Amino acid sequence: MIFVTGGAGFIGSNFVLNWLKEETNSIINLDKLIYSGNLLNLKSLKNNPLHIFVQGDIQDRALIRKLLNQYKPQAIVHFAAETHVDRSIYDPTPFIQTNVIGTLHLLQETLDYWKNLNEHSKNHFRFLHVSTDEVYGSLRQQDEPFKETSRYAPNSPYSASKAASDHLVRAFHNTYGLPTLITHCSNNYGPFQFPEKLVPLMIINATQGKILPIYGDGLNIRNWLYVNEHYEALCLVLSKGKPGEHYNIGSETEITNMDLVHTICSILDDLKPNSPYVPHASLIQFIKDRPGHDRRYSIDCSKMRQELGWKPKENFKANFHKTIEWYLNNMTWVEKVMSGEYRKWIQLHYKETS
Ligand code: NAD
Ligand code: TYD
C-alpha cells in the first residue's frame, strides 16, 4: 500500500492511474478536492478495490494519523499543493497553508508513524516529496541548467512555498532520520491538467476562438516533460533513490512560450482544418507580463541518468499531438472543469483582455 496526497490533481491522478495499471500495490489517495482536484480524473477506477479515495486536508493531523495507522503504507508520495503561480501572486496565504503547514503536518504524522514501524519496514519506508524546478529561480540564456546543487532562489510566492516545504523535508531527514526523497521536475503537460495552466488554456481557448494570452514578449523559456515520463521517473526514485537526496527531472525540450503556442496552433490547424479559427495563431495576443516572471528554466538530469538509469524518452511532437487530441476528445471533462470557479478566475485574471 502506498499513500498518495493530491491524487485527484493533474500529476497525481496520472500517477495513480499509471500505478494501478502496472502495480499490484494498492493506493490510499488523500485529496481535499480544491478547484484543481477532480474525481472525474479517476472515474476509470470507480470499481477498483486497489484505489481508496479519501477527501480531506493534509493539514488535518488527526485524519492523517488515522489513515496511516489504518492502512500502514510503505511509502508516501506527496503531490498535494496549491500550484498556480498567478494565483499565488493574488493571494499567497493558501500556498503557505497547504504547501508549508500542510507539508509540515504530514511530516509530523509520518514521523510518528515511521518511528513505530519494525526495523525492516522502517528501513524500507520512503517519503517522496514532489517538488519543482522553480525553487531554483530563473536562468539567463548563458547560464548552465539547474543541478541538484544549484542555489535555492525562488521568485514567486508559489515557488517560495515549495522551497520552504523542501527545507522542512530536508530537515526531517537530517534531524530525525526520516527516509525522504525530493524531486524537482520541470513543467509537465498531458491529460487532466486544469486549464488555468498554459498548455490546456491555449488548447481550449483556441478551439473556442478566444484570445491566446501571452505574457510579456513570449520569450520566456520552459522545459517541458510529458506527465507519464514524470511518473516513470518518480517510480524509479521511489524504488532506487537514496534517502536524503534530491533528484532533478526534466527533458531536453526547451522552448519559448511563443514557439510552444505556435506549435499548439499548427497542430490544431491540422487536426481541425475546417474550424472557423484557422489559422489558430491569429488568436495570439500579447498581454501584461506576470510580475517576477522567471525567464528561463533548464534542467540537468545527469544525476537521474547516472544514478538511476532514467532519461526522458522525448517525443515532444508526438506527445503534444496526443495531449491536444486528448483535450479535443474529452470536451465533457473540459466543460465540467470550466465551471463557476474556473470562470471566476478567468474573469479576475484576464479581465482586460477577455
Ligand atoms: P494540481 O493543482 O493539478 O493538483 C493539486 C492537487 O492537490 C489537487 O487535486 C488538489 O485538490 C490537492 N490539494 C490542494 N490542497 C490540498 C490540501 N490542503 N490537502 C489535500 N489535497 C490538496 O497540481 P499538479 O500540477 O498535479 O502538481 C502536483 C505536484 O507536483 C505539486 O506539488 C506541484 O508543486 C508539483 N509539480 C508540478 C509541476 C507541473 O508542471 N504541474 C511541475 C513540477 C512539480
Ligand atoms: P504556467 O503554465 O502557469 O506554468 P509556470 O508558471 O509554473 O511555468 O505558465 C507557463 C509559462 O506560460 C510561463 O512562462 C507563463 C506563461 N503564460 C502565458 O504566457 N500566458 C498565460 O495565460 C499563462 C497561464 C501562462
Side-chain angles (χ1 to χ4, degrees), residues 4-16 29-39 41-42 54-60 63-64 77-89 94-95 97-99 101-103 105-106 129-135 138 155-156 158-159 161-162 165-166 183-190 192-202 205 211-225 227 230 234 248-250 255-258 260-261 284-290 292-297 299 345-346 349-350 353:
V4 167
T5 71
F10 165 47
I11 304 176
S13 63
N14 279 288
F15 180 94
V16 169
N29 183 354
L30 174 67
D31 194 301
K32 188 177 174 183
L33 296 180
I34 64 163
Y35 75 91
S36 60
N38 190 343
L39 282 181
N41 302 3
L42 303 165
V54 177
Q55 182 172 7
D57 194 324
I58 54 164
Q59 292 176 79
D60 183 347
L63 174 64
I64 296 168
V77 187
H78 177 33
F79 294 98
E82 291 280 349
T83 59
H84 192 35
V85 173
D86 294 317
R87 284 184 192 255
S88 80
I89 296 168
F95 288 74
Q97 282 163 343
T98 285
N99 301 1
I101 311 285
T103 301
H105 288 183
L106 186 62
H129 177 60
V130 181
S131 189
T132 163
D133 59 348
E134 301 191 24
V135 297
S138 182
N155 291 317
S156 71
Y158 161 67
S159 53
S161 70
K162 290 297 290 188
S165 64
D166 292 2
T183 54
H184 302 276
C185 190
S186 61
N187 290 60
N188 282 212
Y189 64 95
F192 301 120
Q193 187 168 29
F194 192 77
E196 63 190 352
K197 304 276 167 56
L198 181 73
V199 171
L201 181 87
M202 293 295 163
N205 277 15
I211 71 139
L212 307 181
I214 297 195
Y215 300 158
D217 61 7
L219 298 181
N220 301 67
I221 291 173
R222 295 290 181 269
N223 176 296
W224 292 95
L225 185 72
V227 66
H230 189 183
L234 289 174
N248 285 355
I249 302 169
I255 178 167
T256 64
N257 293 338
M258 192 58 190
L260 182 79
V261 175
I284 290 175
Q285 257 183 48
F286 291 95
I287 66 166
K288 202 164 85 200
D289 208 354
R290 172 189 279 173
H293 195 177
D294 285 338
R295 193 63 173 167
R296 173 175 166 241
Y297 303 143
I299 300 275
W345 166 251
I346 296 292
H349 186 54
Y350 299 97
T353 49

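Please read these numbers as outputs of a predicted model, since none were measured by experiment. Atoms within each ligand, like the ligands themselves, are counted from 1 in listed order.
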Around atom 9 (O) of ligand 1, find the nearest protein heavy atom and jot down its residue, atom name and distance. Asp31 OD2, 2.5 Å
Among all protein heavy atoms in this structure, tell me which lies nearest to atom 15 (N) of ligand 1, with the distance rounded to 0.1 Å. Thr98 CG2, 3.5 Å
At under 4.0 Å between heavy atoms, what of Leu33 touches ligand 1? The answer is backbone
So for Gly102, does at least one of its heavy atoms come nearer than 4.0 angstrom to any atom of ligand 1? no
Of the choices Ile11, Thr132, Ile101, Leu30, which has the non-hydrogen atom that lies closest to atom 37 (C) of ligand 1? Ile11
I need the nearest protein heavy-atom contact for atom 5 (C) of ligand 1: residue, atom name and distance, please. Ala81 O, 3.5 Å
Check ligand 2 against the protein and report each N/O to N/O distance under 3.5 Å, formatted as atom name, atom name, distance.
unit_1: ligand 2; atom_1: 2 (O); unit_2: Leu198; atom_2: N; d: 2.9
unit_1: ligand 2; atom_1: 3 (O); unit_2: Arg290; atom_2: NH2; d: 3.0
unit_1: ligand 2; atom_1: 4 (O); unit_2: Asn187; atom_2: ND2; d: 3.4
unit_1: ligand 2; atom_1: 6 (O); unit_2: Arg290; atom_2: NH1; d: 2.5
unit_1: ligand 2; atom_1: 6 (O); unit_2: Arg290; atom_2: NH2; d: 3.3
unit_1: ligand 2; atom_1: 7 (O); unit_2: Glu134; atom_2: OE2; d: 2.5
unit_1: ligand 2; atom_1: 8 (O); unit_2: Asn187; atom_2: ND2; d: 2.9
unit_1: ligand 2; atom_1: 8 (O); unit_2: Arg222; atom_2: NE; d: 2.8
unit_1: ligand 2; atom_1: 12 (O); unit_2: Asn257; atom_2: ND2; d: 3.4
unit_1: ligand 2; atom_1: 14 (O); unit_2: Arg222; atom_2: NH2; d: 3.2
unit_1: ligand 2; atom_1: 14 (O); unit_2: Asn257; atom_2: ND2; d: 2.9
unit_1: ligand 2; atom_1: 14 (O); unit_2: His293; atom_2: NE2; d: 2.7
unit_1: ligand 2; atom_1: 19 (O); unit_2: Tyr215; atom_2: N; d: 2.9
unit_1: ligand 2; atom_1: 20 (N); unit_2: Pro213; atom_2: O; d: 2.8
unit_1: ligand 2; atom_1: 22 (O); unit_2: Pro213; atom_2: O; d: 3.4
unit_1: ligand 2; atom_1: 22 (O); unit_2: Tyr350; atom_2: OH; d: 2.6

Among all protein heavy atoms, pick the one closest to atom 30 (O) of ligand 1 and tell me residue, atom and distance. Val130 CG1, 3.6 Å
Can Asp133 and Lys162 be counted as an ion pair, charged N to O under 4.0 angstrom? no
If we only consider heavy atoms of Asp57, is any one of them less than 4.0 Å away from an atom in ligand 1? yes
The atoms of ligand 1 lying under 4.0 Å from a heavy atom of Lys162, numbered in the order shown, are 31 (C), 32 (O), 33 (C), 34 (O)
Could you find the nearest protein heavy atom to atom 40 (O) of ligand 1 and give me its residue, atom name and distance? Asn188 N, 2.9 Å
Counting heavy atoms under 4.0 Å, the part of Thr83 that contacts ligand 1 is side chain
Distance under 6.0 Å and angle within 45° of ring axis: Arg222 vs Tyr189: no
For atom 44 (C) of ligand 1, what's the nearest protein heavy atom and its distance? Ser131 O, 3.1 Å
At less than 4.0 angstrom from any non-hydrogen atom of Cys185, what atoms of ligand 1 do you find? 42 (C), 43 (C)
Protein heavy-atom partner closest to atom 21 (N) of ligand 1 - residue, atom, separation in Å: Lys32 N, 3.0 Å
Would you say His78 has any N or O atom under 3.5 Å from an N or O of ligand 1, going by distance alone? no
So which heavy atom in the protein is nearest atom 4 (O) of ligand 1, and how far is it from that ligand atom? Gly9 CA, 3.4 Å
According to side chain to side chain contact (heavy atoms under 4.5 Å, CB included), who are the partners of Ser13, at least two apart in sequence or on a separate chain? Asn41, Leu42, Phe192
Give the numbers and elements of all ligand 1 atoms closer than 4.0 Å to a heavy atom of Ser36. 1 (P), 2 (O), 4 (O), 5 (C), 8 (C), 10 (C)
Under 4.0 Å from a heavy atom of Asn187: which atoms of ligand 1 are those, numbered in the order shown and with their elements? 40 (O)
Which segment of Ser186 sits under 4.0 Å of ligand 1 when only heavy atoms are counted: backbone
Sub-4.0 Å atoms of ligand 1 with respect to non-hydrogen atoms of Gly37: 8 (C), 9 (O), 11 (O)
Does a donor on one side chain sit under 3.5 Å from an acceptor on the other, for Tyr215 and Asp86? yes
Candidate with minimal heavy-atom separation from atom 29 (C) of ligand 1, of Phe194, Tyr35, Phe79: Phe79
Within the 4.0 Å heavy-atom cut-off, what Tyr158 brings close to ligand 1 is side chain
For Gly56, the ligand 1 atoms whose distance to one of its heavy atoms is below 4.0 Å: 19 (N), 20 (C)
